[in-house]
Structures are given as C-alpha cells and as structure tokens.
Amino acid sequence: MSNKYYVTTAIYYTNAPPHIGHAYEIIAADVIARFHRLLGEDVFFLTGTDEHGIKVEKTAAKQGKSPQAFVDEISERFQTTWRDVLNVDYSRFVRTTEPDHYQVVQAMWNMLMEKGDIYKSSYTGLYCSGCETFCLPKDLTPEGLCPNHLTAPEPVEEENYFFRLSAYKTKLIDYYEAHPDFIQPLFRRNEVINQLDTLEDISVSRAKRSVGWGIPVPQDPDQVVYVWIDALSNYLTGIGWGKDSAVFEKFWPCDVHVIGKDILRFHAIYWPAMLMAAGLPLPETLLVHGFINVAETKISKSLGNVISPQDLMARFELENADPIRYYMMTSTGFGQDGNYTDDEFKNKVNADLANNLGNLLNRTLNMVIKYCDGEVLAVGAEKNNLLSGEDLAQIQTHYEGFRFNEAAQVIMEGVDRANKYVHASEPWTLHKEGKTTELERVLYNTLEALRQLSILLMPLVPTLSQQIWEQLGYTQRITQMRWADILDSPLPAGQKIQLGSPILPRLDSEIVGAGKKR
Ligand SMILES: [Zn+2]
C-alpha cells in the first residue's frame with residue numbers, strides 16, 4: 001500500500017468572503033486529511049483561492065480597488081477563517097496569482113499546444129458573466145436566462161483558442177468503465193456519462209480586451225487563459241509540478257479531489273482530458289458533495305441568508321469550531337444536500353457532544369478522583385465490548401469511504417454503551433460495598449473507552465479530542481497517536497487524570513435568540 005495521500009479542495013473564488021457552504025467542503029477535506037494522518041500516511045492537503053476572471057475584476061472596480069489588492073484581502077480572509085477559526089490543518093494554500101502558478105499554467109498550455117490539442121477559431125455564443133462561461137441554449141431556462149443567475153446571457157463573438165475536448169470522449173468513457181470508483185457517490189457518475197453525449201471542444205482563452213485579469217497566453221499577448229485551465233492546474237502547482245519533482249512524483253496522482261456538485265463537469269470531463277493530453281496520470285477519486293442549505297433554502301447573497309463560520313461562533317458563543325465541524329459532517333450523508341438551522345445544530349451538538357460524550361468524561365473523571373485518588377489503576381481492561389475490534393473496523397471503513405455520519409454514529413454508539421455500562425455497574429454502590437477490585441475495573445474500562453473514543457473522534461473534532469486527552473492525563477499531543485494505538489497503547493498505570501472544566505458547555509437557546517436580534 002502506498003504511504004502517501006494527496007487530498008484537495010476546489011479553490012475558492014475570491015469575489016466574496018467565505019461562508020458555511022465553503023466551510024462544509026474544507027471541513028470534509030480536513031477530516032479526510034486528519035484520518036489519513038492517523039493511519040500513519042504522509043498526507044498533503046491542498047486548498048487555495050481562484051483569483052482571476054471578470055467577476056473579480058468587476059467587484060474590485062466597484063470597491064475602487066485594484067484586482068490584486070482586492071484578491072489579497074479576500075484570500076487572506078479565506079486563510080484565516082480556515083486556519084484560525086475552523087482549525088483546518090492544510091499543507092499548502094495555493095493562489096492562482098502566484099508566480100509559480102503562472103509558470104504551471106503556461107507550461108500546461110504549451111504542452112497541449114505541442115500535442116495539437118489547442119487551436120484557434122472564432123466563436124459565437126451566449127455568455128453568462130456570472131458563471132464566466134458560455135451557456136448552451138439547452139441549459140437556459142424557458143425564458144432564456146442562466147439558471148444559476150436568472151439573468152440573460154449576452155451574445156459574444158470572439159476569436160479564441162479551443163481545447164480539442166471532443167477527441168477525448170472515448171478515452172473518458174473507457175476510463176470511467178475501468179475505474180468505477182472514480183466519481184463518488186455513484187449517482188453522480190451517471191450524470192457525467194449522460195453529459196458526454198454532447199461533448200464539444202471548449203474555449204480555453206478570452207480576448208484580453210474582454211477579460212483583462214488573467215494569465216497571458218504564451219506567445220499571444222492579446223489573449224488570456226480562460227478560467228478552467230487556470231483553475232484546474234492549481235492541483236499541479238500545489239505539489240510543485242515543474243519545480244520540485246521529488247514532491248510532485250511522490251504525491252501525484254491526487255487521491256481525492258473534494259468538489260461541489262456544481263463543478264463536477266469540469267473535474268470529471270475537462271480535467272481528466274487535459275491530464276490525458278499532457279500525458280499525466282489521472283486522479284483516483286472525485287468526491288462530490290451537495291450544498292448546505294439554510295432552513296431548506298439555497299445560500300445566496302440576494303436572499304440575505306449567508307452565514308459565515310464566524311457568525312456561528314458568535315451566535316453560540318463557541319470557544320472552538322468543533323461543534324460546527326461535527327454538525328456539518330454528521331447531520332447529513334456526504335454527497336446529499338445538507339441543511340442548517342439553529343435548532344437542528346443546537347440539538348445535535350447538545351445530544352452527542354455536550355450530553356453523551358461530555359457527561360461520560362465528566363462523571364468518570366469525578367469518580368476516579370473520588371474513589372481512586374485521581375489515578376489510573378493497574379487493573380488492565382477485561383473484554384467489555386465497549387468498543388470491539390469489529391466496531392473499529394467499521395469506523396475505519398466508514399471514514400475511508402467518506403461516510404463521516406456513519407463513522408460518527410458507530411462512535412456515538414460506543415459512547416452510549418460506555419454510559420450504560422457505568423450506569424449498570426453502579427460504581428458508587430461498589431464503592432459503598434467495598435468491592436474495590438470491581439470498582440477499579442469498571443473505572444479503568446470506562447477510562448480506556450474514553451481514550452479510544454478521543455482518538456476515533458479526532459478527525460472530526462480535533463480540539464475536543466485534545467481536551468479529553470489532556471484530562472485523561474496525557475502530556476503529548478493526541479495527533480501523535482496512530483490507528484494501531486487505539487488497541488495497542490492502553491492507559492498506563494499510575495497516570496494522574498487532570499479533570500478540567502466540561503469540554504463543551506450545552507448550547508443555549510437564549511444565546512441563539514440574542515444572536516438573531518443582533
Ligand atoms: Zn450564470
């Protein structure tokens with residue numbers, strides 16, 4: 001088995017700051033990255049921002065800023081939101097305005113040109129400046145409007161460069177058949193195969209006079225590289241294509257591109273065809289997620305229902321973003337559209353994390369202090385099935401298969417069992433009756449379950465896991481743990497537990513009310 005893992009998000013378009021819809025995708029990628037680190041793999045996790053194009057140009061102009069100054073600001077907001085607010089541990093943040101990326105895009109362009117897959121031709125079509133793409137008449141609403149923007153696309157005639165996409169139809173179909181897991185979930189695969197019926201060559205440049213903000217086409221200063229070759233090549237820039245061949249050779253091909261359903265076509269059709277043309281291996285998996293709606297309504301600036309991760313943190317006075325991470329990853333199956341409401345969020349977080357997990361930790365540690373002088377006793381765990389080998393195998397398979405909600409469910413069943421075990425064993429009665437050996441065994445088993453659970457939960461809620469870890473008396477970081485440690489490294493005898501404040505106070509509906517009024 002290969003010991004490397006390369007995971008990417010789509011790069012986020014810098015015409016507006018990040019909201020919880022963007023957060024959904026990057027949290028998933030972070031969970032995947034953290035899980036594979038836990039397996040002991042060398043993980044490269046790439047994210048970044050897509051900074052060119054007419055929308056950026058227009059928004060910057062509206063704000064009286066240069067495009068570069070504008071994208072610098074927005075890109076910085078993405079970086080700090082991911083790193084400082086959501087605790088996303090990416091390896092590199094790539095920006096399409098970096099010099100490295102210019103070189104990669106131009107090198108890719110030259111390769112496709114030499115291959116004979118790029119040619120110049122004139123093009124007349126209907127262009128939606130919101131989508132930054134030419135629309136096919138069949139994709140428009142009955143009124144002739146862009147279905148995404150509900151505005152009329154403008155007729156545009158231009159001399160552009162084209163990529164010979166149509167030449168790759170058979171090769172693409174062959175690839176999908178040979179790699180049934182390439183597009184996940186499976187129902188998305190059929191969507192792509194249906195789109196191949198009308199595969200046409202695509203425009204890959206725009207005249208500089210219509211789109212000024214972009215990477216110049218090599219040897220043709222009147223043209224700039226059009227969005228998709230620019231944006232998609234970021235996955236090569238991020239791991240040093242043409243610059244650091246050791247890193248590139250190690251991590252390419254990508255193990256999983258995490259993308260939204262709206263950009264599936266570009267990743268499942270354009271991107272593999274470009275890579276085939278460039279003679280590069282194709283990614284293993286496209287993991288396609290749905291959208292997060294707010295109260296069953298699509299997030300949209302015009303509807304005024306855009307929520308940022310910072311809004312949520314403030315609304316519930318959260319100390320860290322783990323409740324947001326947990327809710328996003330477990331309230332809906334990955335691939336389906338998710339939904340956010342204050343009540344669903346509060347109920348799920350309170351039930352699973354504050355009550356079920358938080359109480360188990362708190363009551364167990366309090367009993368260890370009261371009955372065992374705050375020390376882990378050297379009794380060794382008996383087989384109590386709080387977490388069996390079978391449970392662990394299931395959790396691993398769910399994480400590996402991107403079924404985060406199912407992984408969490410098996411973990412929470414373990415928390416339930418531990419709570420019921422404590423309840424049924426009645427340590428307080430054992431103490432009263434002087435049954436010390438039994439009492440110590442019950443507490444040891446429960447502490448062991450907590451140790452295992454904290455590692456299992458780490459990809460989803462890294463901060464809470466670290467806090468449980470510290471309360472169990474460990475001084476090293478929980479991120480140093482590996483999957484095998486779940487079974488092989490039980491709590492050492494004599495370790496002093498460090499009872500702290502509850503890891504997560506119950507989320508309060510009063511706070512939500514106040515947040516709404518603000
Ligand atoms: Zn549009």
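Remember, it's 1-based here, ligands and their atoms both numbered in the order they're listed.
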Hey, can you pull the donor-acceptor pairs under 3.5 Å for the side chains in residues 280-293, sequence neighbours left out?
unit_1, atom_1, unit_2, atom_2, d
H289, NE2, E25, OE1, 2.6
H289, NE2, G260, N, 3.4

Problem - W82/Y12 under ring-ring contact (aromatic ring centres under 6.0 Å, His included): CA gap, chis, key distance, verdict - result: CA-CA 12 Å; W82 296 165; Y12 302 101; 5.5 Å; yes

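A salt bridge (Lys or Arg N to Asp or Glu O under 4.0 Å) check over residues 211-229, counting only residues at least two apart or in different chains, returns the pairs K120-D220.
If you count the protein N, O or S atoms nearer to the Zn ion (ligand 1) than 2.8 Å, you get 4.
Note on ring orientation: taking the six-membered ring where Trp is involved, the planes of Y119 and F162 are parallel (angle under 30°, cut-offs 30° and 60°).
Cation-pi contact between R325 and F404: absent, since separation from the ring centre below 6.0 Å together with deviation from the ring axis within 45° is not met.
The side-chain contact (heavy atoms from CB on, under 4.5 Å) search around Q103 returns none, not counting sequence neighbours.
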